[in-house]
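Here is the structure we will look at.
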Amino acid sequence: MRVLHTSDWHLGQRLVNLDRTEEHQHFLDWLLQTIEQEKVEVLLMSGDVFDTGAPSNTALLQYYNFLTRVCATCCRHIVITGGNHDSISTLNAPKELLDCFNIKVIGGASDNPLDELIILNNPDTEQTELIVCAVPFLRDRDLRLSVPGESTEEREKRLKQGIASHYAGFVEHILPYKAQQIPVVAMGHLFAAGGSTTESEKEIHVGNLAQIGADQFPKEFNYVALGHLHRPQLVNKTHHIRYSGSPIPLSFSEVTDNKIILILDFEAGALTDLREIEVPTCRKLVRFKGDLEKVKQQIIAYDNNRYTLPAWAEVQVELEAAQPDLHQQINSLFEQREDEIQLLILRPPLIKKQRQALEQQVATETELHLLKEEDVFLKRCQSEFPDSDHTELQQTFAELLELMRQGEES
């Protein structure tokens, strides 16, 4: 059986309020062609179908048009799970209708884990070919682990236990299938420990606080198809636990990422092959950074011939001193090349003195982590009162620290 793993489409996403429908449509058209060419039988979409819980009509139309078209391909089964950006009710609303077309939608977690256990049968022989544990994004209320008065560390531990337990709950139900050499795939939308993030992932409480490691996914899973992180990657260098990443760059922090989908082959109950296929890009996001002359040369030299849509650029200039006409200089260069590249973000310039001060601040903050409270207080006193005797202040501060420690112990 051949399976395709993708995630984090974020249909309807806008970048600095500019529409990205063309880029998403380019990907969906390519995905349909790839499904046909690769003879994909199962499509797994691991969360964040949409960018917001209230997707636009355009985004909804893209979604349903794609599902209609994919039903006409060789793909026999589609499994879609909800992400932290998705509205559970929006995804679940047509699930009974979509089920008639072998499209399984799990918008949110259920009280019964068997609701997330999907059995995929061969339509001709009715034999079971694949088991999917379709776990959506797990919210606090799904885990029911809140305890009044608990510390951050205790809460994090409970959340990790809750997520791990959710996956462990499938084991007793999948063992009979494993005994018949039927492969089992798990899905998830979360932040696994060791993952590399980008600027476009929103901080989500369960997803980012409660990071679970590769060893907390049951060994009975032949593959774990993850979503949420937009950079494709393995989890803790574990071959069969992967993020497919987003199909288009969703922020300028992803300008160097290769966007991919994953193709999986299963035989005799085992994962026998795993391949990455690069997603073609129709619009490039580029970053220009450096002194003014360097940035000007980068803009002039940029070649957009490989892409069908104009590139979008983020610019940050480093200056010795402020230049009142900086915006005008930069904008005039982009106006000359507006058919090939467009300025999306012009960040405030980095003035050399300000940069040095910032670097010194970072160095100081790093140094502070290595000091005791008394040492930090003394440095502050020396900074504020360089010509004074600080002995009395130090003694008072020491007494205050002792009182605080006594209060914590009691």
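Numbering starts at 1 and runs along the sequence shown.
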Is there a side-chain contact between [X] and [Y], using heavy atoms and a 4.5 Å cut-off?
X	Y	result
L15	F252	yes
V185	V224	no
L271	D265	no
L226	H189	no
L292	P349	no
P310	R283	yes
S244	S7	yes
E116	F170	yes

Donor-acceptor contact present, side-chain [X] to main-chain [Y], <3.5 Å:
X	Y	result
D291	E293	yes
D325	Q328	no
R287	A313	no
Q323	L319	no
K178	E220	yes
K95	V105	yes
N92	G107	yes
N122	D124	yes
D48	S246	no
D86	I88	no

Nearest-0.5 Å distance that lies between atom [atom1] in [X] and atom [atom2] in [Y]:
X	Y	atom1	atom2	value
R2	I35	CZ	CD1	12.5 Å
Q316	K289	CD	NZ	5.0 Å
R139	N84	CZ	CG	7.0 Å
N17	L344	CG	CG	10.0 Å
I182	T128	CD1	OG1	5.0 Å
I119	I174	CD1	CD1	12.0 Å

For side chain to side chain contact (heavy atoms under 4.5 Å, CB included), just list the numbers for L350 and V317, CA-CA rounded to whole Å, side-chain angles, deciding distance to a tenth of an Å, and then say yes or no.
CA-CA 6 Å; L350 283 175; V317 181; over 6 Å; no
Around atom [atom1] of [X], are there more than 12 heavy atoms from other residues, nucleotides or ligands closer than 6.0 Å?
X	atom1	answer
Q180	CD	yes
Y64	OH	yes
E267	CD	no
H173	NE2	yes
Q329	CD	yes
N112	CG	yes

Answer yes or no: is there an ion pair linking [X] with [Y], defined by an N-O contact shorter than 4.0 Å?
X	Y	result
R76	E41	yes
E38	R275	yes
E276	R242	yes
E314	R347	yes
R14	D51	no

Run the numbers on F217 and I212 for side chain to side chain contact (heavy atoms under 4.5 Å, CB included), then give the verdict.
CA-CA 8 Å; F217 291 103; I212 67 171; 3.6 Å; yes
Any donor-acceptor N or O pair under 3.5 Å, side chains T58, S56:
no
Any side-chain donor-acceptor pair under 3.5 Å between N331 and E335?
no
How far apart are the C-alpha atoms of F66 and L31, what are their side-chain angles, what is the distance that settles it, and do they pass the side chain to side chain contact (heavy atoms under 4.5 Å, CB included) test?
CA-CA 9 Å; F66 172 80; L31 184 60; 3.6 Å; yes
Given F27, which partner from the list L11, T281, L32, T6 fulfils the side-chain contact (heavy atoms from CB on, under 4.5 Å) test?
T6
Residue of the set E340, Q297, K284 for which side-chain contact (heavy atoms from CB on, under 4.5 Å) holds with Y302
K284
Pair Y223 and H5, ring centroids less than 6.0 Å apart
yes
Would a line drawn from the ring center of H10 to the ring center of H24 be shorter than 6.0 Å?
no
Looking only at heavy atoms, which two atoms of [X] and [Y] are closest? And how far apart?
X	Y	answer
H228	L190	CB-O, 3.5 Å
V40	V3	CG1-C, 4.4 Å
D115	I106	O-CD1, 3.5 Å
A59	F50	O-CE2, 3.6 Å
A311	N304	CB-OD1, 3.7 Å
I300	R337	O-NH1, 3.2 Å

Start with the C-alpha distance between C71 and I103, add both sets of side-chain angles, then the distance that settles side chain to side chain contact (heavy atoms under 4.5 Å, CB included), and finish with yes or no.
CA-CA 9 Å; C71 286; I103 301 172; 3.8 Å; yes
Hey, mind stepping through D19 and T21 against side-chain hydrogen bond (donor to acceptor under 3.5 Å, both in side chains) and telling me if it holds?
CA-CA 6 Å; D19 184 81; T21 301; 2.6 Å; yes
Using the rule given for side-chain hydrogen bond (donor to acceptor under 3.5 Å, both in side chains), can you reason through D29 versus Q33, listing the C-alpha separation, both sets of side-chain angles and the distance that settles it, and then say yes or no?
CA-CA 7 Å; D29 290 343; Q33 294 174 7; over 6 Å; no
Start with the C-alpha gap between S253 and S251, add the side-chain angles, then the distance that decides, and say whether side-chain hydrogen bond (donor to acceptor under 3.5 Å, both in side chains) holds.
CA-CA 5 Å; S253 65; S251 75; 2.7 Å; yes
